[in-house]
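Only one structure is covered here, and it is reproduced in the block below.
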Amino acid sequence: MTETRLRFPPSPTGYLHIGGARTALYNWLYTRKTGGKLILRIEDTDTERSTKDSIDGIIEGLNWLGIDWDEGPYFQTDFSDDHRQAAKRLLSEGKAYQCFCSKETLDKKREAALAAKQNVGYDGTCRDLADEEIAEKQNSGLPSVIRFKVPTRQGKLGYNDCVLGRIESSYDEIDDFVIVRSNGSPLYLLCNVVDDIRDRISHVIRGQDHMTNTIKQLLLYEALEAPLPVFAHMPLTLDTKKAKISKRSHGEIVAVQFYRDHGFIPWAFNNFLVLLGWSPGNDQEIFEKQELIETFTLERINKSSSIFNYRKNDPKFFTDPKAIAINEHYLRSMKVEALAPMVKAELIADGLWEDEYETTRQEWFFSTLELIRDRFHTLKDFTTLGRAYFSDEYAVEEKPLKKNVLKHPGLEQWLPELADKYESLAEFSLEETERVAREFAADKDIKPGVIINGMRTVVTGQLAGASMFDILVAIGQEKVVNRLRETPRFYK
RNA sequence: GUCCCCAUCGUCUAGUCAGGUCCAGGACACCGGCCUUUCACGCCGGCAACACCGGUUCAAAUCCGGUUGGGGACGCCA
């Protein structure tokens, strides 16, 4: 079998969104599975809307996801000679023709047709112009586009889609489509095919919104006498109202960058994305990278579209709950050694990083991550909920302050007293800190819980957390003593 | 308006091609319990779906037809 060659061809008209990322991911997975090559091709022929920022954003997004490519990025506009030549060839072989219909006329016709609930589509006005007519119009300076001349044939045109099965369409239902603009620049349908032929693309994995394009492109392959790639049309991702997700109507929540900025683990996000329209056929949902590459198949891509379950203004979930759940899973179960660099980046960003965390205090750093990550959802939580472990500047939440501290006036004296006892402890261990705390509670004739929960709030600022004595040991004797001593500040 | 695609719990889905083992399995979410100094994690349990109608068949989530619903496309966008 010859090498598989796939491509991801985004148009740089906005950031990378989850639909595009998923398409990239599927192409990447299949490429890696088959040991082929992935080509990144920026389809920038829409010069009006293409921007440099967008190109950077897409590449940044792919990099973050860990989706790498073997060739490119190629820029479609760099190959316009190829596209023009192909158009010229089709024209000279009588497989395309010049069309002089003005955009205005066409727009009017389309509108009228739509309003009258008639069929919309090119009516073929210029399809059979005589040579003299063409020359005449051209000489009079009329602008023209080039249209592909859909062969007049009986029967159907079709192909076998890896996902959908046999897809067919009657020839007479296909309109003559424009392949070159009046300004001479070739259009997507043509460019895309010419590039795929030149890049020797063997598999085209793209969204189902391209299905009708595929039918037209089949004709182009035939006219250009090139072999057909394998096509696989993946289901679209819709929003909860079943509308196609787009950057325009959904904003940043569908941007890959949003997930990077909200503390997602890149692979966890890939793992979430792959499940939106594909399953291995059993109950497995969590996949290591290599495992997913091996398990992934085109045939198991779903036919029906899936919904990105993001509910605006949801108080509990800032995005699809399943995405968060998968992120949590990785956050809690991955090796700390692998998690540490990600947390490091967050700490650096917040100015909380200490180089010792990588050297003399690495053991402490790892065990602390291990201790606190169980309750976290994203990487961001390490610098917010877990801030007290890395800094003395941490917020004390209102609710636990009232419930665990202010409700017990005695703590204003007790906690500083306990601080003295902790300070004199020779061994600040789990056993010792617990023994002292319990004896202290018994001594004051109060429930240990009062002391413990009060301490938790004062020392970490949080209502909840890990086992109290683990926390004390993690934060360390000196800091614990200081923080407990400052308890009276809350009563002012 | 025309063409194309799709249809299982709220969401992601398994099961459909090779009909019976499915009064439909898993995950997330939700609810309850256990654990516990707190909150989580974890564990245990619960709620919850074959869009509808007809046909074929001893037997249909599964095959066929229709209906309805949803989506996509119909650009001198990609």
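Everything numeric in this text was worked out from a predicted model, so none of it was measured. Chain letters run A, B, ... following the sequence lines, proteins first and then strands; every chain starts at 1.
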Original post:
Parallel, tilted or perpendicular for A/Phe269 and A/Phe272, by the 30°/60° rule?
Top reply: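 Ring orientation, 0 to 90° scale: tilted.
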**OP:** Name the orientation class of the two ring planes belonging to A/Tyr422 and A/Phe428 (parallel below 30°, tilted from 30 to 60°, perpendicular beyond 60°).
**Re:**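 Correct class here is perpendicular.
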In the strands shown, is [N] matched to any nucleotide by a Watson-Crick or G-U wobble pair with both distances under 3.5 Å, and which?
| N | result |
| --- | --- |
| B/A14 | none |
| B/C3 | B/G72 |
| B/G42 | B/C34 |
| B/C63 | B/G55 |

Please give the distance between the [atom1] atoms of [N] and [M] as a whole number of Å.
| N | M | atom1 | result |
| --- | --- | --- | --- |
| B/A7 | B/A49 | C1' | 12 Å |
| B/A14 | B/A27 | C1' | 11 Å |
| B/C12 | B/U21 | C1' | 26 Å |
| B/A48 | B/C43 | P | 23 Å |
| B/C63 | B/G19 | C1' | 8 Å |
| B/C9 | B/C31 | C1' | 15 Å |
| B/G10 | B/U36 | C1' | 32 Å |
| B/C22 | B/A61 | C1' | 8 Å |

Original post:
Got more than 12 heavy atoms from elsewhere within 6.0 Å of CD, A/Glu299?
Top reply: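 Yes, because the 6.0 Å sphere around CD of A/Glu299 holds more than 12 heavy atoms from other groups.
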Does any donor-acceptor pair link the side chain of [X] with the base of [N] at a separation under 3.5 Å?
| X | N | result |
| --- | --- | --- |
| A/Glu285 | B/G26 | yes |
| A/Ser182 | B/C76 | yes |
| A/Arg332 | B/C41 | no |
| A/Asn213 | B/A78 | yes |

Closest approach to the side chain of [X], judged atom by atom: which nucleotide of [options] is it?
| X | options | value |
| --- | --- | --- |
| A/Val145 | B/C76, B/G72, B/A14 | B/C76 |
| A/Asp175 | B/C74, B/A78, B/G71 | B/C74 |
| A/Lys242 | B/G70, B/U37, B/C77 | B/G70 |
| A/Arg375 | B/G26, B/C39, B/G72 | B/C39 |
| A/Lys244 | B/C3, B/C76, B/A73 | B/A73 |
| A/Val178 | B/C76, B/G71, B/U37 | B/C76 |
| A/Arg181 | B/C12, B/U37, B/C76 | B/C76 |
| A/Asp46 | B/U38, B/C77, B/U11 | B/C77 |

Is a side-chain N or O of [X] found less than 3.5 angstrom from the main chain of [Y], in a donor-acceptor match?
| X | Y | value |
| --- | --- | --- |
| A/Gln76 | A/Asp46 | no |
| A/Asn183 | A/Ser185 | yes |
| A/Asp320 | A/Lys322 | yes |

Original post:
Is the distance between the ring centroids of A/Phe287 and A/Phe296 less than 6.0 Å?
Top reply: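 No; A/Phe296 has its ring centre 6.0 Å or more from that of A/Phe287.
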Original post:
Quick check, are the ring centers of A/Phe258 and A/His262 under 6.0 angstrom apart?
Top reply: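 Yes, the ring centres sit under 6.0 Å apart.
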At under 4.0 Å between heavy atoms, what does [X] touch on the DNA or RNA strands: base, sugar-phosphate, or nothing?
| X | answer |
| --- | --- |
| A/Gly277 | sugar-phosphate |
| A/Lys303 | sugar-phosphate |
| A/Leu275 | sugar-phosphate |
| A/Thr45 | sugar-phosphate |
| A/Gly281 | sugar-phosphate |
| A/Met468 | base |
| A/Arg300 | sugar-phosphate |
| A/Asn302 | sugar-phosphate |
| A/Arg49 | base |
| A/Phe100 | nothing |
| A/Ile215 | nothing |
| A/Gln208 | sugar-phosphate |
| A/Asp374 | sugar-phosphate |
| A/Ala466 | base |

Subject >> A/His210-B/A78 aromatic stacking (under 5.5 Å, under 30°) >> reply: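 It does: the two rings, one from A/His210 and one from B/A78, meet the stacking criterion.
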Interatomic distance where [atom1] belongs to [X] and [atom2] belongs to [N] [whole Å]:
| X | N | atom1 | atom2 | result |
| --- | --- | --- | --- | --- |
| A/Asp320 | B/A29 | CG | P | 10 Å |
| A/Tyr97 | B/C76 | OH | P | 12 Å |
| A/Asp239 | B/G72 | CG | P | 10 Å |
| A/Lys156 | B/C5 | NZ | C1' | 13 Å |
| A/Lys402 | B/U38 | NZ | P | 22 Å |
| A/Leu157 | B/C3 | CG | P | 17 Å |
| A/Asn309 | B/U13 | CG | P | 11 Å |
| A/His329 | B/A29 | NE2 | C1' | 18 Å |

**OP:** Identify, between A/Asp44 and A/Phe317, the residue whose nearest nucleotide on RNA chain B lies closer to the 5' end.
**Re:**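 Its nearest nucleotide lies further toward 5', so the answer is A/Phe317.
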**OP:** Hey, which sits more toward the 5' end of RNA chain B by its nearest nucleotide, A/Pro186 or A/Ser306?
**Re:**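 Per heavy-atom nearest nucleotide, the more 5' residue is A/Ser306.
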**OP:** For A/Lys149 and A/Asp176, run salt bridge (Lys or Arg N to Asp or Glu O under 4.0 Å): C-alpha distance rounded to whole Å, both residues' side-chain angles, the deciding distance at 0.1 Å, then the answer.
**Re:** CA-CA 5 Å; A/Lys149 193 173 199 168; A/Asp176 289 351; over 6 Å; no
Subject >> A/Ser304 versus A/Asn302, side-chain donor and acceptor atoms under 3.5 Å >> reply: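 On atom types as modelled, these side chains do not qualify, holding no pair under 3.5 Å.
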